[in-house]
Amino acid sequence: MSRCSGHKKDSKRYYDWMYHAYQDLMAARFLIQDGDLYEPTVFHCQQAVEKSLKSFMLYKAHRLFDGHNITWLCKQAAMLDCGFTPFIEKTVELNKFYIEARYPADIPTIIDEETAQALLNCAESIAGIVCGAVKFDYNSYHKRRVRSS
């Protein structure tokens, strides 16, 4: 479930992953204020955690882990840093919102403000740990530009 690039400069891409994770956090913070948008809020929380964990493992293990199962990703990160261990249980809950928050389900999931806020707090905590580890600062980040021919 992981891929490893032979290019050493790819190992710096963890900043790119954190940039996108941080944007998901900003979207979640904005959406939760609406009061009717808890499903997209928790989806962006799930995305922020997934991208944060991938950033951390790219930083620590120098390889990109594939997949969207954030519980599995969190367990992999916890093997590299035990600071992620307390979040494994919370990722089980957050993990289910990758699909359920975006599509009609046979058994609808009810997401209230308290649940959305708790999951946003979890996502912010995980992203905070990763930002500290990789020394990422959103305001100092310079997004890569694609050169046009």
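What you see below is based on every heavy atom in this structure, not just the backbone, and it leaves out hydrogens, waters and symmetry mates.
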Practice prompt. Report yes or no: do Val134 and Leu80 belong to one cluster of Ile/Leu/Val/Met/Phe/Trp/Tyr joined by side chain heavy-atom distances under 4.5 Å?
Written response: yes

Closest non-hydrogen atoms of Ala116 and Val42, given as atom of the first, atom of the second and distance, are CA-CG1, 3.9 Å

Exactly one of Leu25, Leu94, Leu31 clears side chain to side chain contact (heavy atoms under 4.5 Å, CB included) with Leu120, and that residue is Leu25

Closest non-hydrogen atoms of Met18 and Ala127, given as atom of the first, atom of the second and distance, are CE-O, 3.9 Å

**Report entry** Residue pair His44 / Phe30, side-chain heavy-atom distance below 4.5 Å
**Finding:** no

Please check if Val92 and Ile111 belong to a single hydrophobic cluster, counting links between Ile, Leu, Val, Met, Phe, Trp and Tyr side chain heavy atoms closer than 4.5 Å. no

- Task: Assess whether atom CD of Gln117 is packed by more than 12 heavy atoms of other residues, nucleotides or ligands within 6.0 Å.
- Result: yes

Here the pair of heavy atoms bringing Lys54 nearest to Gly67 is NZ-O, 2.8 Å

Rounded to the nearest 0.5 Å, the CE atom of Met57 sits from the CG atom of Leu73 at a distance of 4.5 Å

- request: Identify whether Ile32 and Leu37 are in the same connected component of the hydrophobic contact network (ILVMFWY, side-chain heavy atoms under 4.5 Å).
  value: no

Query raised in the report: Does the Ser52 side chain pair with the main chain of Ala21, one donor and one acceptor, at a distance under 3.5 Å?
Result: no

Only residue of Tyr15, Trp17, Tyr14 satisfying ring-ring contact (aromatic ring centres under 6.0 Å, His included) with Tyr59 is Tyr14

Output for pair (Glu113 CD, Gln33 CD), nearest 0.5 Å, gives 10.5 Å

Discussion item. Are the side chains of Trp72 and Phe65 in contact, using a 4.5 Å heavy-atom criterion?
Written reply: yes

Here the pair of heavy atoms bringing Phe87 nearest to Ile129 is CE1-CD1, 3.4 Å

Smallest heavy-atom separation, Ala123 atom then Cys45 atom, equals CB-O, 3.8 Å

Rounded to the nearest 0.5 Å, the CD atom of Glu50 sits from the OG1 atom of Thr91 at a distance of 11.5 Å

Query raised in the report: Do Glu39 and Phe43 come close enough that some side-chain heavy atom pair is under 4.5 Å?
Result: no

One should read off an interatomic distance between Tyr22 OH and Glu124 CD, to the nearest 0.5 angstrom, of 8.5 Å

| Verdict with reasoning, Lys51 to Asp24, per salt bridge (charged side-chain N to carboxylate O under 4.0 Å, His left out) | CA-CA 9 Å; Lys51 293 167 189 172; Asp24 279 310; 2.6 Å; yes

Interatomic distance, CD@Glu114 vs CG@Leu119, rounded to 0.5 Å, equals 10.5 Å

In short, Ile88 meets Ala78 closest at the heavy-atom pair CD1-CB, 4.2 Å

| Cluster question for you: counting only ILVMFWY and a side-chain heavy-atom cut-off of under 4.5 Å, with indirect links fine, are Met79 and Val49 together? | no

Note to self: Looking at Phe84, I'd like to know if its CZ atom is crowded, meaning that more than 12 non-hydrogen atoms belonging to other residues, nucleotides or ligands lie closer than 6.0 Å.
What the structure shows: yes

Value for NE2 (His68) from CG (Asn95), rounded to nearest 0.5 Å, stands at 11.0 Å

Geometric class of the Tyr141/Phe136 ring pair [parallel <30°, tilted 30-60°, perpendicular >60°]
tilted

